2 protein chains.
Amino acid sequence: MGKNGVRLKDIAAKANVSVGTVDRVLHNRGRVAEDVRQKVLRMMQELDYEPNLLARTLGANRSYRLAVLHPDHTLDPYWEAPWLGIEKAARELKAYGVSVLSFPYALTQVASFRQQAQAATEAQPDGILVAPLFYRESLAFFTAWQQAQIPYVLFNTHIAEAQALSYVGQDSYQSGVLAGKLLQLGQPAPATFLIAHIGEDIANAVHVAEKERGFRDYFAQLATDPAQGTYTLRRLDLPDPTDPAFARQLTTLLDETPQQLQGIFVSTSKAYEIAPYLQAYHRESLRLVGYDLLEKNLHFLHENVIDFLINQNPKKQGYRGLYALADQLVFKKEVASIKNLPLDIITKENVHYYLDK
Amino acid sequence: MGKNGVRLKDIAAKANVSVGTVDRVLHNRGRVAEDVRQKVLRMMQELDYEPNLLARTLGANRSYRLAVLHPDHTLDPYWEAPWLGIEKAARELKAYGVSVLSFPYALTQVASFRQQAQAATEAQPDGILVAPLFYRESLAFFTAWQQAQIPYVLFNTHIAEAQALSYVGQDSYQSGVLAGKLLQLGQPAPATFLIAHIGEDIANAVHVAEKERGFRDYFAQLATDPAQGTYTLRRLDLPDPTDPAFARQLTTLLDETPQQLQGIFVSTSKAYEIAPYLQAYHRESLRLVGYDLLEKNLHFLHENVIDFLINQNPKKQGYRGLYALADQLVFKKEVASIKNLPLDIITKENVHYYLDK
DNA sequence: TTATTTTGCGTGTGCGCACACATTTTTTCT
DNA sequence: AGAAAAAATGTGTGCGCACACGCAAAATAA
């Protein structure tokens, strides 16, 4: 017996058959007498056989092509991180015969998504990892992939009815709840809080809408406690920051805003677009909560303009997403249908330990 | 060329030598002419050769015995988690020929530590993973292991002068800083905060002392801002909770305490020992910050008695600790001398996503 | 019965690499 | 110069497994 575990050979010897036979029962290839089959199975149990994954992969000599359908990371800084995670996973999985095809799309353009999704489909990969930012347009492709029997994993944006193999990412709703808590903590009522969306088409962006729902529910929950005073919530839909309307709307807010405005929750990773205005208006004490450890956000975190960031673990999303496919295809493991990554609370004091990784 | 990457064979062909020669340069086994060596190296570069780890491990057919010297997890709930992480890593690494020997010691008894450390040393393992709770007693063993050329990795407790291959765990100092921030947030001066140690021999417990230092430094830093009022810090050394003196000291504190006592920071995972007293005295509004997601802590977190927990990621400490040894021995990777795990801030709203994993 | 198919099982090769050993070439010594 | 030693290089086997193939015995058909 090998230094380090039971081998097919050991089972074969113990059952008085050849390794070929053991292999056949192991893989249900048939062509083995029932009584022998039972005996082999018994021996495998007795010896507590576990296949050597290294040898298996090496011997099988199979390869898997995985397609990744993701926003182009050269167009938006947030999307670098998931891609880094995907690349890391790809490196590790290379030895297992996994290769990755990238299909980047422009994250604001539906047509680009549709086109790249089409290309990914036509590449006939063994599995697909996708960030389905566009709700409506995604559904058709899900159907196509089901038809083609291609397993697909979602990340970043959860679409419950997608029938995907798995979803990897945050619970957007609960992250909204948490944002509410972080704004409210230590700020007694009465007070006003704002939720700001930047350049989002809320109707077609599931996970941003979910954040808002969680945010509102946190305060709704608080309101059930009669001892609490009343909090007021406002919402502001801002256009793309390059649009002159962006500055106009924001300065209007800060000019006319009631003194009670105690905090702003930015529903995306773009808190850094708002922070400069707070500095300009000397409203740094106003609590600002946003998402993700982008360079620019970190800057304002250290300047005490941004108070909290919720880390969406984008790198891990990519990493785990690809692994979910590999677990299914290569390692034949059970894959959980939802892998919720933690809602990391980031402050100036602990941010250091979340960088790089 | 193989479906999926360059093989030794490919390099050999391109350099007009045999695989044996390539192998020799790859492993610096010597016995190869300098010009040939250079040529082979060049070819490896050109083809961007990366050894197939699976084949390497399989072919080498080596095995590694790793010893783990850790507090007995049947004696203290905290220490279950690191052990789970170690077991998980052990399962994954089994295929790579790694086996794990466990040397549990009683976490309050120096003699037990000494004895098990001795046993671990005598087992002559290929590597050692150790939680060096006892500062003085550990040092002697570090020397012994260096002499025996056995690489060792520290977790949980960082001993800078240990000359260890790596440390995996938190930055205790910074976790104290963070605890300070979490207590102070939204609680204006004047106010009093307490740091409570439970059943610890501070003089011989490095990482608890570091937590206190960080905690105090946070407020020292605040004091440099003249706009801030004054915060008062107190310290309480409590005996083991089974000791009647524990209840006595705690009730005395709550009886006689000035109204300004606004928060308590428990320096270990035993916040749940203090929480019941706060409930009994109806002082739940007093902010309580502790460590780790133990059952009992979670209970009081949900009851709003504990406000924040700092997650020490104990499971990951074990997991990464073992992997640090494997990275060194099996995978021949560079191992960072410090692997600081993040300081997760846990509240009722995000705790769910940190459980299990 | 003999010829043919089916079923049950064993054998052999290759995956990419490590490592021991055999063989060839070069250097050194007498 | 030839012999011996040393250096440089090639060859072969095994790691545990998957998978194709081949061969025997049993079942079926002619």
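Residue numbers start from 1 in every chain, and the chains themselves are labelled A, B, ... in the order their sequence lines are given, proteins ahead of strands. Everything numeric here is computed off the predicted structure, so don't read it as measured data.
Ring-plane geometry between B:Trp79 and B:Phe155 is classed as perpendicular, the angle between the planes exceeding 60 degrees on a 0 to 90 degree scale with a lower cut at 30. Taking the six-membered ring where the residue is Trp, A:Tyr319 and A:Tyr323 present tilted rings, their angle falling between 30° and 60°.
Place A:Glu50 and B:Arg37 on DNA chain D by their nearest nucleotides, and B:Arg37 ends up nearer the 5' end. Checking B:Ala60 against B:Arg31, the closest nucleotide of DNA chain D that is more toward the 5' end is the one next to B:Arg31. In this structure, B:Pro51 and B:Arg24 both approach DNA chain C, and ranking their closest nucleotides by distance from the 5' end singles out B:Pro51.
Judged purely by distance below 3.5 Å, without hydrogens or angles, the side chains of B:Gln170 and A:Tyr353 never pair a donor atom with an acceptor atom. Using modelled atom types and a 3.5 Å distance limit, the side chains of B:Gln146 and B:Tyr152 yield a donor-acceptor pair.
For C:dG10, the OP1/OP2 oxygens have a side-chain nitrogen or oxygen of A:Thr21 closer than 4.0 Å. Under 4.0 angstrom from either OP1 or OP2 of C:dC17 there lies at least one side-chain N or O belonging to B:Tyr49. Look at A:His27 and you won't find any side-chain N or O under 4.0 angstrom from OP1 or OP2 of D:dC19. At C:dG16, none of the side-chain N or O atoms of B:Arg56 fall inside 4.0 Å of OP1 or OP2 (strictly under the cut-off).
If you check every strand for non-hydrogen atoms under 4.0 Å, A:Leu58 touches a base. Looking at heavy-atom distances under 4.0 Å, B:Asn52 makes contact with sugar-phosphate atoms alone, never a base.
Expressed to the nearest 0.5 Å, how far CG of B:Asp10 lies from CE of B:Met44 amounts to 13.0 Å.
When the P atom of C:dC9 is taken as reference, atom CG of A:Leu8 falls 16 Å away, rounded to whole Å. The interatomic distance linking A:Asp10 (CG) with D:dC15 (P) rounds to 11 Å, in whole Å. Between the OH atom of B:Tyr96 and the P atom of C:dA18 there is a distance of 14 Å, rounded to whole Å. We find that CG of A:Asp35 is positioned 16 Å from P of C:dT7, with the value rounded to whole Å. Put simply, CZ on A:Arg29 is 8 Å from P on D:dA20, counting in whole angstrom units. Distance NZ (B:Lys9) to P (D:dT9): 21 Å, rounded to an integer number of Å. The separation between B:Asn61 atom CG and C:dG16 atom C1' is 14 Å, rounded to whole Å. Rounding to whole angstrom units, CZ of residue B:Arg7 and P of C:dC15 are separated by 7 Å.
For the helix from C:dT4-D:dA27 to C:dT30-D:dA1, the axis fitted to the five pairs at one end and the axis fitted to the five pairs at the other end meet at an angle of 60° (nearest 10 degrees).
Side-chain contact between B:Pro151 and B:Leu329: present, with at least one pair of heavy atoms (C-beta onward) separated by less than 4.5 Å.
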When you look at A:Phe331 and A:Tyr96, which way does the ring pair (Phe, Tyr, Trp, His ring centres under 6.0 Å) test go after all the steps? CA-CA 9 Å; A:Phe331 305 123; A:Tyr96 290 91; 4.9 Å; yes

